[in-house]
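Worksheet for the structure shown next.
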Amino acid sequence: MGLHIGSTAPDFEQESSEGKIKFHEYLGDKWGVLFSHPADFTPVCTTELGRTAKLKSEFEKRNVKVIALSVDPVASHKGWIGDIEETQDVKVNFPILADADRKVAMLYDMIHPEADNTATVRSVFIVDPKKKIRLMITYPASTGRNFDEILRVIDSLQLTDKHSVATPVNWKQGGDVIIVPSLSDDDAKKKFPGGWKALKPYLRIVPQPR
């Protein structure tokens with residue numbers, strides 16, 4: 001059985017650029033973003049890790065810990081970190097897993113033989129504090145990820161976990177949201193006393209709850 005949204009994120013213990021990591025223990029009661037890279041000393045990955053480091057405060061205010069992965073060993077990671085810091089003008093402030101034995105890559109199905117037999121694809125997993133997988137995205141090796149989108153999804157997940165709403169197409173923090181269809185009008189009146197705009201009985205739009 002493969003992993004799906006709602007699956008428990010597999011736990012693991014693996015070496016990293018910051019020492020041994022026990023994944024569930026590392027996350028503790030926080031959200032997590034686990035993301036993989038095809039290899040060290042590659043151009044697109046270098047820009048991605050730099051961008052992630054620059055977003056440290058954004059992840060922290062969302063109670064998120066990030067952890068990267070490549071199938072290269074720790075010594076390689078440490079050399080690559082120097083390149084990242086030099087070229088991206090930022091200090092790498094999160095661990096990079098050294099998955100030389102492919103243990104984590106296999107657990108999370110990050111190696112796609114049709115693309116490459118050895119390198120990991122650009123996988124992203126968002127994991128909630130209960131260690132459930134809430135998002136899975138896979139990018140091709142040639143395409144850098146959009147970390148603004150990853151933050152947007154985290155905002156949506158955290159908002160919709162607390163309120164009976166869903167976020168519409170292209171939603172951004174502060175935008176209007178949709179009352180979930182499972183909430184009756186009577187119950188919605190209690191949760192949203194200010195009312196809503198009903199385009200259809202199943203499409204009820206309200207301002208984003210605080």
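No experiment lies behind these values; they were computed from the predicted model shown. One is the number of the first residue; the rest follow in order along the sequence.
Residues V33 and I67 are not in side-chain contact: their nearest non-hydrogen atoms beyond the backbone lie 4.5 Å or more apart. Here the side chains of P209 and K162 are not in contact, with every heavy-atom distance at 4.5 Å or above. Counting only heavy atoms from C-beta outward, the side chains of D148 and R51 approach each other to under 4.5 Å. Between D187 and K191 the shortest side-chain heavy-atom distance does not fall below 4.5 Å. Within the 4.5 Å cutoff, the side chain of P10 has no heavy atoms near those of the F23 side chain. Residues K30 and P129 have side chains not in contact (no heavy-atom distance under 4.5 Å, counting atoms from C-beta outward). Within the 4.5 Å cutoff, side-chain heavy atoms of Q14 are placed close to those of D99. Residues I133 and H4 form no side-chain contact, since every pair of their non-hydrogen atoms from C-beta on lies 4.5 Å or further apart.
Here the CG atom belonging to D40 is positioned 6.5 Å from the CD1 atom belonging to I96, to the nearest 0.5 angstrom. For the atom pair D83 CG and F41 CZ, the distance stands at 5.5 Å (nearest 0.5 Å). With rounding to the nearest 0.5 angstrom, the CE atom of M136 is 10.0 Å from the OH atom of Y108. The distance from the CD atom of E86 to the CD1 atom of I81 is 14.0 Å, given to the nearest 0.5 Å. Put simply, OG on S123 and CG on D109 are 7.5 Å apart, with the number rounded to the nearest 0.5 Å. To the nearest 0.5 angstrom, I21 atom CD1 is 9.0 Å from E25 atom CD.
Of all non-hydrogen atoms in V104 and M110, the two that sit nearest each other are O-SD, 4.4 Å. Nearest heavy-atom pair, F125 versus L3, reported as atom, atom and distance to 0.1 Å: CE2-CD1, 4.5 Å. The shortest heavy-atom contact between P95 and Y26 is CD-OH, 3.2 Å. Contact detail for A53 and N93: the closest heavy-atom pair is O-ND2, 3.1 Å. Heavy atoms only, all atoms of each residue included: Q88 and T46 are closest at CG-O, 3.5 Å. Minimum heavy-atom separation, L183 to A188: CD2-CA, 3.7 Å.
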Given E15 and L97, is the side-chain contact (heavy atoms from CB on, under 4.5 Å) satisfied, shown in steps? CA-CA 6 Å; E15 293 293 339; L97 292 171; over 6 Å; no
Give the intermediate values and the outcome of side chain to side chain donor-acceptor pair (under 3.5 Å) for residues S7 and K132. CA-CA 6 Å; S7 298; K132 297 296 183 181; over 6 Å; no
Run the salt bridge (Lys or Arg N to Asp or Glu O under 4.0 Å) check on D185 and R204 step by step: do they pass? CA-CA 10 Å; D185 280 352; R204 297 167 294 178; 2.8 Å; yes
Walk me through it: do T87 and T47 pass the test side-chain contact (heavy atoms from CB on, under 4.5 Å)? CA-CA 8 Å; T87 63; T47 64; over 6 Å; no
For L151 and F147: C-alpha separation, side-chain torsions, deciding distance, then whether side-chain contact (heavy atoms from CB on, under 4.5 Å) applies. CA-CA 6 Å; L151 290 172; F147 281 83; 5.7 Å; no
For E13 and K103, what are the C-alpha separation, side-chain angles and deciding distance, and is it a salt bridge (Lys or Arg N to Asp or Glu O under 4.0 Å)? CA-CA 9 Å; E13 184 174 331; K103 179 174 71 178; over 6 Å; no
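When only modelled atom types and interatomic distance are considered, W80 and S70 share no side-chain donor-acceptor pair under 3.5 Å. There is no side-chain donor-acceptor pair under 3.5 Å between K78 and S17. At a cut-off of 3.5 Å, with distance as the only test, no side-chain donor of Q158 or N63 sits close to an acceptor on the other residue. Between the side chains of D72 and H77, not a single donor N or O lies within less than 3.5 Å of an accepting N or O.
The cluster map of Ile, Leu, Val, Met, Phe, Trp and Tyr, joined by side-chain heavy atoms under 4.5 Å apart, puts L34 and V44 in different clusters. Under a hydrophobic clustering in which Ile, Leu, Val, Met, Phe, Trp and Tyr are joined whenever their side-chain heavy atoms come within less than 4.5 Å, directly or via other members, V127 and L159 fall into different clusters. Criterion: ILVMFWY side-chain heavy atoms under 4.5 Å apart, direct or through other members. Under it, I126 and I137 are part of a common hydrophobic cluster. V124 and L157 fall within the same hydrophobic cluster, where Ile, Leu, Val, Met, Phe, Trp and Tyr residues are linked whenever their side-chain heavy atoms come under 4.5 Å apart, directly or through other members. Linking ILVMFWY side-chain heavy atoms closer than 4.5 Å, directly or via other members, places L49 and V90 in two distinct hydrophobic clusters.
In this structure, the side chain of S156 does not engage the main chain of R152 through any donor-acceptor pair within 3.5 Å. Using modelled atom types, no side-chain atom of K61 and backbone atom of F59 make a donor-acceptor pair closer than 3.5 Å. No donor-acceptor pair under 3.5 Å is formed between the side chain of T143 and the backbone N or O of Y139. At distances below 3.5 Å, at least one donor-acceptor pair connects side-chain atoms of S16 with backbone N or O atoms of E18. Side-chain atoms of K65 never come within 3.5 Å of backbone atoms of F94 as a donor-acceptor pair (strictly under, hydrogens ignored). Under the 3.5 Å distance criterion, the side-chain polar atoms of E48 are matched with a main-chain donor or acceptor of R145. A donor-acceptor contact shorter than 3.5 Å is absent between the side chain of K189 and the backbone of G194.
Between F35 and H37, the ring-plane angle classifies as perpendicular under the 30° and 60° cut-offs.
A search for side chain to side chain donor-acceptor pair (under 3.5 Å) contacts involving R134 returns D128, D161, not counting sequence neighbours.
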Donor-acceptor pairs are to be reported for all side-chain atoms of residues 170-182 against protein atoms at under 3.5 Å, with residues two or more places apart or in another chain.
residue: W171; atom: NE1; partner: G175; partner atom: O; Å: 3.2
residue: Q173; atom: OE1; partner: Q208; partner atom: NE2; Å: 2.4
residue: Q173; atom: NE2; partner: D155; partner atom: OD2; Å: 3.4

